[in-house]
Protein chains: 4
Amino acid sequence: MSSVSNPKHTAILDAAYALFGSGGFYETKMSEVAEKAGIAKGTVYLYFKSKEDLFMAVTRRDCEGFLQQLEVKLGAENSLPGKLSVIAKHHLFYYYERKQHTKLFFRAPNNNPELVAYMALFMEQYMQAVVKVLVEGGAVEPELMAKSYIGMLDRLKMDILFDPQFAEADAHKRAQFVADLFIGGAIGNINPAE
Amino acid sequence: MSSVSNPKHTAILDAAYALFGSGGFYETKMSEVAEKAGIAKGTVYLYFKSKEDLFMAVTRRDCEGFLQQLEVKLGAENSLPGKLSVIAKHHLFYYYERKQHTKLFFRAPNNNPELVAYMALFMEQYMQAVVKVLVEGGAVEPELMAKSYIGMLDRLKMDILFDPQFAEADAHKRAQFVADLFIGGAIGNINPAE
Amino acid sequence: MSSVSNPKHTAILDAAYALFGSGGFYETKMSEVAEKAGIAKGTVYLYFKSKEDLFMAVTRRDCEGFLQQLEVKLGAENSLPGKLSVIAKHHLFYYYERKQHTKLFFRAPNNNPELVAYMALFMEQYMQAVVKVLVEGGAVEPELMAKSYIGMLDRLKMDILFDPQFAEADAHKRAQFVADLFIGGAIGNINPAE
Amino acid sequence: MSSVSNPKHTAILDAAYALFGSGGFYETKMSEVAEKAGIAKGTVYLYFKSKEDLFMAVTRRDCEGFLQQLEVKLGAENSLPGKLSVIAKHHLFYYYERKQHTKLFFRAPNNNPELVAYMALFMEQYMQAVVKVLVEGGAVEPELMAKSYIGMLDRLKMDILFDPQFAEADAHKRAQFVADLFIGGAIGNINPAE
DNA sequence: TATGAATGAGTTTTCATTCAT
DNA sequence: CATGAATGAAAACTCATTCAT
């Protein structure tokens, strides 16, 4: 994989990330990718054997970055609430910073088994990272809890992706809200007087 | 839209629902839709002005059904925990019954503002239904809580959609799990001894 | 096969026959075929599912015509020498009339098993027609003799195809020459005095 | 053309001969030729200015070899029947030994005037070699006879090329058959009793 | 209304050839 | 001489949409 450091390889991935992210797989043309990367159409095929292959590579790079950064951040935190807060912030800020690339996951090529398998693997790895945190905190049914937590974060992420007004401070508040809700439950936010 | 009750209109929607659901937007052909509906290709265009228009109609019908059924079920329940449980079951069973149509939402046409707007509207309506329940229960920040709840459900829905082994009883347990977690929080599931 | 009488089907076959015949398979473009047939590119694909499929159809029509005409002509002749002469004339005139379509057989698509099988079948049928004539004449080893005769004709056909000066009368003489040579052998043409 | 003896030049020709022969012109890639020759793609162009040029060179070398060997063999034989037998054997064995390279002649580039001219020249030379034998034997119309003889051989060659069962002994018998048929004519093989 | 034959714009991919090193 | 990364022209094929009947 010396190609990882190849500048053209990287330029293609960057161009494809931007285009797939904003237009989705089907509406991104290989010619656009080449143009944005500043190379000829044929050159893209020297580095990636097909459009699907390129999409896989883009996805892979993005997911790996997501998981690696999460690991680093979790390592610097000890308490369960602290770690859950780290996860929430990571999830929401990661997408906050990538608002432009909304469609990378939403508009993936249909019926590509390799991609489906990879996305399942990514989710599994992400979930296991959360599971580990929960298990260390003594959780029962950690898998379902992890999925639930990720689900909460993912839904709130939507507002970030689709709301052009969304600001960094909002992401901050929202991350904390989810972490608190997850730990304390809705009961803590419900006015008993009512 | 008197055509709503037109049998051909319905046949097209049914055919499109099945095909878009299993193959996604881009990999479904209008000719297939026509064939499955038992009519000629040109006839589809008498009822829907384009492929995107048809997809919109399919989506709309599905979402409206989802919301209407939810309203009915919520009307038969009074307590907050009961209503949250109803929401969870509705969400999970709705997709359990539609396992075959995984791709209706995942593989939508890109860059169609009308569809994006409609999906946002649907989410808003769904959220408002949950918000109403939460507000009646005296919740603070009901919108964020509603989104979080829906997010939890949505993530768990994935297992239903992609796990061929998933059985009805599992959906039941999972729905209850989410409702409980949402109300009591993770703290209720964490072993204090640890 | 009602399409056989379809005028568009026929127009495409005619256009393809002319183009494949003069330019060969690889250098004939589907767009050229469409243009020559006076229809749109996509329309060609309504009648033939691929370029190879079209080539097969063209080949088939040509070969069937060749064999059918031969049968008719052989039926009108009784003696062995007469029949051999008929074969020679048919072979040579068939190609004389089709000088423009030289490349139909020479430049066929590579590695297409269906085509290879069909050409083998055609040769077998042609050979069997000649074999039948020879057997009726009491020949020993009729298959090898039939192949040899066809081979002689085929080689002489080349002059017709590639010599622009070649006239109908020449074809006539040549056909008779081959028939005589085949029956009498070289010995009849060799001057014993030398 | 001092490059004739250059080992790289030869390696390219050998590689191209093998690939063009088994895959035909259009389905052989220059990169494959380079790889099989053990050199870089660009290097091929130092020796041959284009793919067609390379094909020409391969064809030329093969045809020259065919004619040279024929001359040698004919020089060692005196009688007319003996020489005709030599020709038949040479023709059939040459292809018997090259069964793998079926496509060298069948799948040539279309519309290349230089190649067409060369093949015509080759045929002319081959024919003249046969003509010379016939003239020495006192033949009338030696050109047509030569072409006929070559044609017989060529058709029988087909069985060799396409029949995987074909063995050396069969080639032997067939060569003799053709020589006899050519000299004695069909009349010699026809049962007069019939 | 209903049909389905016809259209043609649009996209991926290949591969011979070039040329800077 | 040798290399192989880069190029970009070229072509098959698809399929949403139209429209004459």
Side-chain angles (χ1 to χ4, degrees), chain A residues 3 6-9 12 26-35 37-54, chain B residues 3 6 8-9 25-35 37-55 109, chain C residues 3 6-9 12 25-35 37-54 109, chain D residues 3 6 8-9 25-35 37-55 109:
Chain A
S3 54
N6 181 309
K8 225 153 247 174
H9 183 102
I12 297 170
Y26 289 100
E27 306 209 353
T28 294
K29 317 301 165 212
M30 288 300 261
S31 56
E32 292 170 351
V33 172
E35 193 182 15
I39 57 173
K41 216 175 347 154
T43 307
V44 177
Y45 287 87
L46 294 181
Y47 293 87
F48 301 94
K49 74 175 195 294
S50 68
K51 190 180 176 186
E52 294 213 339
D53 188 45
L54 176 57
Chain B
S3 53
N6 182 308
K8 227 157 243 179
H9 183 101
F25 178 80
Y26 289 99
E27 306 205 356
T28 293
K29 288 158 203 137
M30 288 299 263
S31 56
E32 292 172 349
V33 172
E35 191 184 17
I39 59 172
K41 221 182 332 170
T43 307
V44 177
Y45 287 85
L46 296 178
Y47 293 87
F48 302 93
K49 77 173 195 295
S50 70
K51 190 182 180 186
E52 294 212 339
D53 189 46
L54 175 57
F55 188 87
Chain C
S3 55
N6 181 310
K8 227 154 243 173
H9 184 101
I12 296 170
F25 178 80
Y26 289 99
E27 305 208 354
T28 294
K29 314 305 164 211
M30 289 299 262
S31 56
E32 293 170 353
V33 173
E35 194 182 14
I39 57 173
K41 208 171 2 144
T43 306
V44 178
Y45 288 88
L46 294 181
Y47 293 86
F48 301 94
K49 73 175 197 294
S50 68
K51 192 182 175 184
E52 295 213 339
D53 188 45
L54 175 58
Chain D
S3 54
N6 181 306
K8 229 159 242 176
H9 183 101
F25 178 80
Y26 289 99
E27 306 204 356
T28 294
K29 287 157 204 137
M30 289 298 263
S31 57
E32 291 172 349
V33 172
E35 191 183 18
I39 59 172
K41 222 184 325 172
T43 307
V44 177
Y45 287 86
L46 296 178
Y47 293 87
F48 302 93
K49 75 173 198 292
S50 70
K51 190 182 178 185
E52 295 212 338
D53 189 46
L54 174 58
F55 189 87

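All of these numbers come straight from a predicted model, not from anything done at the bench. Throughout, protein chains are lettered first and strands after them, A, B, ... in sequence-line order, and every chain is numbered starting at 1.
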(request) Identify, with sequence neighbours excluded, every residue that meets salt bridge (Lys or Arg N to Asp or Glu O under 4.0 Å) alongside Lys29(B). (result) Glu32(B)
(request) State whether Lys29(A) places a side-chain N or O below 4.0 Å from either non-bridging phosphate oxygen (OP1 or OP2) of dT11(E). (result) yes
(request) Any chance you could encode DNA chain F as dot-bracket? Rule is Watson-Crick or G-U wobble with both distances under 3.5 Å; [ ] for pairs crossing earlier ones, | for another strand. (result) .||||||||||||||||||||
(message) I need the OH-P distance between Tyr45(A) and dA16(E), as an integer number of Å.
(response) 17 Å
(message) Can you measure Tyr47(D) atom OH to dA16(E) atom P for me and round it to whole angstrom units?
(response) 20 Å
(message) I'd like the 5' and 3' limits of the part of DNA chain F contacted by chain D, with heavy-atom contacts below 4.0 Å.
(response) dC1(F) to dA6(F)
(request) Starting at atom CZ of Phe55(D), determine the distance to atom P of dA16(E), rounded to an integer number of angstrom. (result) 14 Å
(request) For Glu35(A) and dT11(E), give me the distance from atom CD to atom P, rounded to whole Å. (result) 13 Å
(message) Could you work out, with side-chain contact (heavy atoms from CB on, under 4.5 Å) as the rule, every residue matching Glu35(B), not counting sequence neighbours?
(response) none
(request) For Lys8(B), check side-chain contact (heavy atoms from CB on, under 4.5 Å) against everything at least two apart and list the hits. (result) Asn6(B), Ile39(B), Thr43(B), Tyr47(B)
(request) Grab the OH-C1' distance between Tyr26(D) and dT14(E) for me, whole Å please. (result) 16 Å
(message) Among residues at least two apart in sequence or on other chains, which ones pass ring-ring contact (aromatic ring centres under 6.0 Å, His included) with Phe48(A)?
(response) His9(A)
(message) Measuring to OP1 and OP2 of dT12(E), would you say a side-chain N or O of Lys51(A) lies under 4.0 angstrom away?
(response) yes
